[in-house]
There are 2 protein chains.
Amino acid sequence: MTDSIVANSLTSSTAVTCDNCNLGNLCIPKGLNRSEIDALELLVNRNTLIRKGAALYHAGSPFKGILALRSGSAKLIHHDRSGHEFIVDFTLPGELLGFDGLTSLKYNCTAIALETVNFCRLPEHKIAVLANNSPSLSHVLLQRSSSQCDQQVQHMLLNRRSAEERVAGFILRLSERLKARGYAELEFRLSMSREDIGNYLGIAHETVSRIMHYFQAQQLIEIKSKHLKIKNKKKLLDFYSV
Amino acid sequence: MTDSIVANSLTSSTAVTCDNCNLGNLCIPKGLNRSEIDALELLVNRNTLIRKGAALYHAGSPFKGILALRSGSAKLIHHDRSGHEFIVDFTLPGELLGFDGLTSLKYNCTAIALETVNFCRLPEHKIAVLANNSPSLSHVLLQRSSSQCDQQVQHMLLNRRSAEERVAGFILRLSERLKARGYAELEFRLSMSREDIGNYLGIAHETVSRIMHYFQAQQLIEIKSKHLKIKNKKKLLDFYSV
DNA sequence: CGCAGTATTGACCAACCTCAAACACTGTGG
DNA sequence: CCACAGTGTTTGAGGTTGGTCAATACTGCG
């Protein structure tokens with residue numbers, strides 16, 4: 001079994017272009033026409049590798065562009081004064097990150113790889129240039145940004161509910177996001193620790209463990225360490241009916 | 001004392017234009033040049049009035065544009081299946097709302113006036129047109145959207161802390177936002193109910209009351225019904241040191 | 001094999017919620 | 001101007017969820 005939530009399908013050494021990229025229309029080019037994609041090709045830095053535990057960018061550092069995860073996953077964290085970290089979001093393969101740097105041109109959060117990560121970058125200084133020539137790109141970026149915001153709202157709503165509902169919601173959303181990207185929706189690997197999940201959901205990691213155990217006892221899931229199988233999606237949904 | 005968090009300075013009947021609007025550079029035109037602002041003039045619907053309790057827009061209804069509050073305040077709410085409402089955000093005068101409709105072209109939330117509200121609208125069908133002619137506008141919109149997202153993150157972080165920290169943070173942020181718009185920072189009217197505050201902060205409204213009372217006993221604030229005075233900002237900050 | 005990090009499980013406890021009742025404020029009509 | 005209804009706010013008592021601390025088990029890796 002692969003170490004990653006997903007297997008990276010690109011093992012050959014041929015150059016990766018937006019054209020042959022496995023992200024398909026999940027990435028920025030979605031909604032752009034041929035010539036616009038060609039223009040994008042010239043601007044995107046490709047195939048950067050970062051390994052588990054390393055940062056894709058740091059809070060406070062100057063905005064260097066929007067990133068697209070090609071494989072691997074990451075956590076977006078925010079530090080308070082006392083140094084305690086809060087996980088704001090997880091980023092799955094095919095998803096974009098870096099929007100937290102757009103406003104002030106400094107990143108707001110730190111992005112840490114949860115496993116080896118392969119990503120593309122659309123550099124900051126080219127975003128403005130591109131936006132002038134290609135209004136659709138501005139529109140795509142705006143939509144993505146606003147969509148990120150919607151997701152934040154969803155997360156916030158989830159975090160107002162009971163611990164059981166949070167865990168159920170967490171599992172189901174992860175499942176949905178993986179499904180949307182073509183991965184198995186009912187069986188996958190949790191690339192983040194219980195600690196991370198608890199932090200993200202605003203509950204203690206022991207509580208995450210207990211609830212996972214309880215869900216397993218109820219035959220809703222099977223959980224062994226990081227390997228998760230959803231056995232009864234319907235009942236799981238009962239816990240989380242937004 | 002006025003019934004509103006702010007007094008609406010526009011009592012004359014002369015036409016309001018982006019040029020003479022009291023929102024100044026808090027509104028969309030910020031960062032645009034002269035001719036761009038002039039173009040905007042022609043596109044913005046001005047001076048719409050909505051009274052307390054009425055909706056500025058409904059969740060699920062088609063996106064009709066970005067709104068700018070000229071006076072009065074509003075709450076952004078989200079309903080779950082069981083009909084229970086969750087307050088996602090409050091909007092103060094001078095702030096924009098409607099970004100929750102950009103992604104899917106349907107509003108995600110319902111916006112309800114907390115008191116009589118006067119607002120402008122930048123209609124949806126003109127946003128794309130304008131973006132073509134004025135790349136700066138796209139940029140401004142993108143920044144605003146991304147800034148909304150940052151705020152959501154801040155809210156989420158706040159909602160992971162203790163009830164006391166949440167209330168302290170709520171008061172201090174409200175104060176900051178009002179200050180940024182030129183209103184008194186240490187004495188203002190809470191246009192929302194305790195119920196709304198509790199909902200927003202993810203705590204019971206009784207807890208909000210109790211903590212307000214406690215803060216008053218500690219000489220941090222003076223609270224009488226909706227009228228709030230901050231007596232000791234420093235100590236209040238101690239409760240909320242992010 | 002052993003170590004370090006991670007996950008599970010249990011016992012106890014505190015923060016906060018729920019329910020209930022009293023009280024205050026607002027606006028309305030007499 | 002007062003009485004009253006309706007809503008919003010405060011205050012109290014008791015219960016529950018989920019946190020904390022601590023001990024134990026598991027996993028992956030050198």
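Side chains included, hydrogens not; waters and symmetry mates left out as well; all remaining heavy atoms used. First the proteins, then the strands, lettered A, B, ... as listed; each starts at 1.
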Let me know the distance between [atom1] of [X] and [atom2] of [N], rounded to the nearest Å.
X: A:Met212; N: C:dT6; atom1: CE; atom2: C1'; answer: 13 Å
X: B:Asn199; N: C:dT18; atom1: CG; atom2: P; answer: 12 Å
X: A:Ile223; N: C:dT6; atom1: CD1; atom2: P; answer: 16 Å
X: B:Ile203; N: C:dT18; atom1: CD1; atom2: P; answer: 12 Å
X: B:Arg194; N: D:dT9; atom1: CZ; atom2: P; answer: 5 Å
X: B:Leu201; N: C:dC17; atom1: CG; atom2: C1'; answer: 15 Å
X: A:Glu195; N: D:dG19; atom1: CD; atom2: P; answer: 12 Å
X: A:Gln216; N: C:dA7; atom1: CD; atom2: P; answer: 15 Å

Task: Nearest atoms (heavy-atom pairs only) where A:Leu158 meets A:Arg166 - done: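 A:Leu158 and A:Arg166 have their closest heavy atoms at O-CG, 3.4 Å.
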
TODO: Measure across B:Lys226 and B:Ser193 and return the closest heavy-atom pair with its distance rounded to 0.1 Å.
DONE: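 The answer is NZ-CA, 3.6 Å.
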
Heavy atoms only, 4.0 Å cut-off, all strands: where does [X] land among base, sugar-phosphate and nothing?
X: B:His213; value: sugar-phosphate
X: B:Gly198; value: nothing
X: A:Ser225; value: nothing

From [options], nucleotide with atom closest to [X] side chain:
X: B:Ala204; options: C:dC16, C:dC17, D:dT9; value: C:dC17
X: B:Ser209; options: D:dT11, C:dT18, C:dC25; value: D:dT11
X: A:Glu206; options: D:dC21, D:dT9, C:dC16; value: D:dC21

TODO: Kindly state whether the ring of B:His213 and the ring of B:Phe215 have centres lying under 6.0 angstrom apart.
DONE: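 B:His213 vs B:Phe215: aromatic centres not under 6.0 Å.
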
- [ ] With DNA chain D as reference, determine whether A:Lys224 or A:Arg166 sits nearer its 5' end, using the nearest nucleotide of each.
- [x]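 This one resolves to A:Arg166.
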
TODO: Return no unless some side-chain N or O of B:Lys226 is found under 4.0 Å from OP1 or OP2 of D:dG8.
DONE: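 Checking D:dG8 against B:Lys226, no side-chain N or O comes under 4.0 Å of OP1 or OP2.
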
Task: side-chain N/O A:Thr207 vs D:dG19 OP1/OP2, d < 4.0 Å - done: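 Yes, such a contact exists.
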
Task: Check ion pair A:Asp196-A:Lys75 (N to O, under 4.0 angstrom) - done: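 Between A:Lys75 and A:Asp196 there is a salt bridge, with a charged N closer than 4.0 Å to a carboxylate O.
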
Open item on the list: Checking A:Glu222 against A:His227 for the side-chain hydrogen bond (donor to acceptor under 3.5 Å, both in side chains) test, could you report, in this order, the C-alpha distance in whole Å, the side-chain angles of both residues, the deciding distance, and whether it holds?
Closed with: CA-CA 8 Å; A:Glu222 258 177 32; A:His227 188 85; over 6 Å; no

Task: base_contact_polar (C:dT18 base, B:Arg210 side chain, donor-acceptor, <3.5 Å) - done: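 Yes, the side chain and the base share a sub-3.5 Å donor-acceptor pair.
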
TODO: Kindly compute the distance separating CD1 (B:Ile87) from CG (B:Leu76), expressed to the nearest 0.5 Å.
DONE: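 It comes to 9.5 Å.
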
Task: With A:Arg160 via side chain to side chain donor-acceptor pair (under 3.5 Å) - residues at least two apart - done: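 Checked A:Arg160 against side chain to side chain donor-acceptor pair (under 3.5 Å); matches are B:Asn199.
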
TODO: Verify, without hydrogens or angle tests, whether A:Asn232 (side chain) and A:Gln219 (backbone) share a donor-acceptor contact under 3.5 angstrom.
DONE: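 No, the answer is negative, given that no donor and acceptor are paired below the 3.5 Å cut-off.
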
- [ ] Using five base pairs at each end, measure the axis-to-axis angle across the helix from C:dC1-D:dG30 to C:dG30-D:dC1 and round it to 10 degrees.
- [x]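 The angle separating the two end axes equals 40°.
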
